[in-house]
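Presented below is the structure to which this report refers.
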Amino acid sequence: MPSPTSPSATHRQRLEQLTVFIRVSEEIQHAWGVYADEHTDLDDWPLDEDAYGRRAAQRDADTWWAFNRVRSFAKDLLATAEVQLQLLNPAHVQARWPWQLATLDDALKQLNALQQQWLDARDSLPSSARPGTDAYDDALAERNAEAWSYLDDWASHSPAILEIHAAAQDLPPRSSALTTVKAQPLSSAPATAPVARR
């Protein structure tokens, strides 16, 4: 049985954290949908724009916080899923998996770029800008708002990582030479593959 610090145990723990993110993000999205239904008119215009904006900002912040539990190792999850996908018998591969991984990879790059922009912006704020001040909170809210669609990509498509892992555990690989297989870059997914956006 692998030790708690072995790569396989670490990967399982990361998959568990991903599962938590997916569940929490679904709860956030459901709560947002209920709020939006109750606080918009028949044309989907907010009944109170200020209150609606504050609630949307909270949704964005909550989703970012939920994703932070996996952001540090999200790239490793993608790399492992890509290797597992290549080892699977093609007959057992879902056609959507490659473009879902490519979508997740692109979204992660955008999220990392937004995080770096936020860190740069935070460092340029005056020393008086602290959490709770307009300058700080507005800059943070801007990052969260710009990140939300990419976070939504992760909420929507990261179950593919779990599906690929499950398939890799249940089905024999196409080759027994597991150690000689290298993952192709995620960018090799077909450029014409659809990318879902909400």
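Sequence positions, counted from 1, serve as the residue numbers for this chain.
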For this session: Scan side-chain atoms only and decide if Gln115 and Arg143 contain a donor-acceptor pair under the 3.5 Å cut-off.
Result: yes
Exercise. Thr80 side chain to Leu77 main-chain N or O, any donor-acceptor pair under 3.5 Å?
Worked result: no
Problem set entry | Spacing of Arg14 atom CZ and Phe73 atom CZ [to the nearest 0.5 Å] | 6.0 Å
Exercise. Within a strict 4.5 Å, meaning less than it, do heavy atoms of the His165 and His11 side chains meet?
Worked result: yes
Exercise. Salt bridge between Asp50 and Arg54, side-chain N to carboxylate O under 4.0 Å?
Worked result: no
Exercise. Given side chains that start at C-beta, do those of Ser25 and Leu151 come closer than 4.5 Å, heavy atoms only?
Worked result: no
Exercise. Tyr52 and Ile28: same hydrophobic cluster, using ILVMFWY side-chain contacts below 4.5 Å?
Worked result: no
Seminar exercise, completed: Value for CD (Glu16) from CD (Gln13), rounded to nearest 0.5 Å, stands at 6.5 Å
For this session: Please round to the nearest 0.5 Å and tell me the distance separating atom NZ of Lys109 and atom CG of Asp105.
Result: 4.5 Å
For this session: Indicate, with yes or no, if Leu119 and Leu125 share a hydrophobic cluster defined by side-chain heavy-atom contacts under 4.5 Å among Ile, Leu, Val, Met, Phe, Trp and Tyr.
Result: yes
For this session: Go through the steps for Asn112 and Gln116 under the test side-chain hydrogen bond (donor to acceptor under 3.5 Å, both in side chains), then give the verdict.
Result: CA-CA 6 Å; Asn112 287 338; Gln116 187 57 54; over 6 Å; no
Problem set entry | Same apolar cluster: Ile164 and Leu162, side chain cutoff 4.5 Å | yes
Problem set entry | Nearest atoms (heavy-atom pairs only) where Pro98 meets Gln94 | CD-O, 3.6 Å
Exercise. How many angstroms lie between atom CD1 of Ile22 and atom CH2 of Trp154, to the nearest 0.5 angstrom?
Worked result: 9.0 Å
Atom pairs and distances, donor-acceptor, side-chain atoms in residues 60-68, under 3.5 Å, two or more places apart:
| unit_1 | atom_1 | unit_2 | atom_2 | d |
| --- | --- | --- | --- | --- |
| Asp62 | OD1 | Gln58 | NE2 | 2.7 |
| Asp62 | OD2 | Gln58 | NE2 | 3.4 |
| Thr63 | OG1 | Arg59 | O | 2.8 |
| Asn68 | OD1 | Arg71 | NE | 3.0 |

For this session: Check the angle between the aromatic planes of Trp99 and His157 and answer parallel, tilted or perpendicular using the 30° and 60° thresholds.
Result: perpendicular
Exercise. What distance do Leu104 atom CG and Lys75 atom NZ have between them, rounded to the nearest 0.5 Å?
Worked result: 10.5 Å
For this session: Look up atom CG in Leu78 and atom CD1 in Ile161, then write down how far apart they are to the nearest 0.5 Å.
Result: 4.5 Å
For this session: State, with a plain yes or no, whether a side-chain heavy atom of Arg23 is found less than 4.5 Å away from one of Val20.
Result: yes
Exercise. For Trp32 and Arg55, which heavy atoms make the closest approach, and how far apart are they?
Worked result: CZ3-CG, 3.7 Å
Exercise. Do the side chain of Thr133 and the main chain of Ala129 share a donor and acceptor less than 3.5 angstrom apart?
Worked result: no
For this session: Using the test side chain to side chain donor-acceptor pair (under 3.5 Å), find all partners of Trp97 that sit at least two apart in sequence or belong to another chain.
Result: Glu163
Exercise. Do Leu101 and Leu15 share a hydrophobic cluster, counting only Ile, Leu, Val, Met, Phe, Trp and Tyr and linking them when any side-chain heavy atoms are less than 4.5 Å apart?
Worked result: yes
Seminar exercise, completed: For Leu111 and Ala147 the tightest heavy-atom approach is CD2-CB, 3.5 Å
For this session: Quick one: closest heavy-atom pair of Ser158 and Phe21, and the distance?
Result: OG-CE2, 4.2 Å
